[in-house]
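The structure presented is a predicted model; accordingly, all values stated were derived computationally and were not measured. Heavy-atom basis, side chains included; hydrogens, waters and symmetry copies ignored.
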Amino acid sequence: MKRLSLTILLILSLFTAFAENLSSISVEYFGDIGCSHFDLFEEKILPEAEASAGFSADVEYINVLAKSGFERCETRLAEMGYEFRFSPVMIIGNNVYQGDSAVEKGILEELIYAAEHGAYQPKQETEIPVQKEITLAFLPVFLAGLVDGVNPCAFATMLFFISWISLRGGSRKRMVLAGSGFIAGVFAAYLLIGLGLFTIFEAAQNLTLLRTVIRYLFSSAALVLAFLSLRDAFLIQNTGKSESMKLQLPSAVKKRIHGVIRETDMNKGAVLLFSALFITGIIVSLLELACTGQIYFPTIAYMVQSGSGGNAILWLLLYNIAFILPLLVLFVFALTGVSQKNLAGFFTRHIIKGKVAGALLFLMLAVIIWISG
């Protein structure tokens, strides 16, 4: 009986040792499937870590942007005593890693430990840091919105609008109401357009071919636009005329925009006046998109390529706040008594600087879209 007991214990100990002697580790990777870090992890970080440790990982990739994927991520994190803060999230055995750098470091450590001990690494009592790199990632988006807000298309339209309401707006109160409605309409239109484009580009990211097309198309387009912006700057410098610019709205579209503004009835009550100018702002935004979209589209491509994920609304809000900021400043100047002529003169004097700034922005977007892709 005693020998039987010893035999059973020996078998159990051997079975336990065998069970813990892993041949590979199981990994759950929750990320923006199609973003740059996902590709980098799958194609470079993981293979290099496996080669370095001499051990393999069985990875399950889950799209955290999908509802089911996000819910699963939250559930798994809750089971392990954590909450979702940002992606990517990697769960291996007893440990959770959140953020690019943590994932890259964690996969190597887990593989090395498994190779040496044949088991998962014990739980590491480490505080998950607050992601800081997102602050710098927002900077190109803000700058793009700001440059877009002072581009000739948007600025010239706002100057015309200010001139029109100054002549027909009556009291300052009605001017504030009309201007606020118009700017709110512009903001709402661009935000909704951005959300639609972001959704389309994000969906395309899940398809390798389309993701490659986005990368090549928008990085190339940004380079072309950078060249055209510099060309416009040289043309204006040599001729002294802004009419020689290539990156501007066609005359027919300009006339249509002016017509839409002129057709707005200012003789309405407060609510109807605001609503009318709000709708006018939306229509004008759609007409201007052929010009302002030259910056907006590549910027959204950058957002997607950079893996903004759940921060899409924040990115787009930031862009559009920056976009309407010059219009708000212009409008405030007009309300304080600065003449439309002086405002137009200021714009004309600095148009070359604006074109150069636009060219630099396009160059920056071309580089970071290519790198992020």
Which pair of heavy atoms, one from [X] and one from [Y], lies closest together, and at what distance?
| X | Y | answer |
| --- | --- | --- |
| Phe323 | Val186 | CE2-CG1, 3.6 Å |
| Pro122 | Asn94 | CA-ND2, 4.0 Å |
| Gly194 | Ile300 | CA-CD1, 3.7 Å |
| Met90 | Gly106 | CE-C, 3.9 Å |
| Ala115 | Phe55 | CA-CD1, 3.7 Å |
| Gly145 | Tyr319 | N-CE1, 3.4 Å |

Mind checking whether [X] and [Y] have side chains closer than 4.5 Å, heavy atoms only?
| X | Y | answer |
| --- | --- | --- |
| Ser285 | Phe187 | no |
| Thr299 | Trp315 | no |
| Cys73 | Leu77 | yes |
| Leu363 | Leu223 | yes |
| Val103 | Tyr29 | yes |
| Lys105 | Tyr97 | no |
| Lys123 | Asn95 | yes |
| Glu110 | Val27 | no |

Exercise. Take the angle between the ring planes of Tyr190 and Tyr296 and call it parallel below 30°, perpendicular above 60°, tilted in between.
Key: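 The arrangement is tilted - the two ring planes meet at 30° to 60°.
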Could you tell me the separation between the [atom1] atom of [X] and the [atom2] atom of [Y], rounded to the nearest 0.5 Å?
| X | Y | atom1 | atom2 | value |
| --- | --- | --- | --- | --- |
| Glu48 | Leu111 | CD | CG | 12.5 Å |
| Leu40 | Leu46 | CG | CG | 11.0 Å |
| Leu195 | Leu317 | CG | CG | 8.0 Å |
| Tyr113 | Leu108 | OH | CG | 15.0 Å |
| Leu316 | Ile321 | CG | CD1 | 11.0 Å |
| Leu318 | Leu146 | CG | CG | 10.0 Å |

[X] and [Y]: same hydrophobic cluster, using ILVMFWY side-chain contacts below 4.5 Å?
| X | Y | value |
| --- | --- | --- |
| Ile62 | Met80 | yes |
| Leu272 | Ile283 | no |
| Ile112 | Phe41 | no |
| Val329 | Val332 | no |

Self-check item: Member of Leu335, Leu327, Leu328 meeting the side-chain contact (heavy atoms from CB on, under 4.5 Å) criterion with Phe331
Solution: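 Of all the options given, the one that passes is Leu335.
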Would you say the side-chain atoms of [X] pair up with the backbone N or O of [Y], donor to acceptor, closer than 3.5 Å?
| X | Y | result |
| --- | --- | --- |
| Gln121 | Gly93 | no |
| Ser180 | Leu177 | no |
| Thr75 | Glu71 | yes |

Quiz item: Under 6.0 Å between the ring centres of Phe84 and Phe70?
Solution: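 For Phe84 and Phe70, the ring centres are under 6.0 Å apart.
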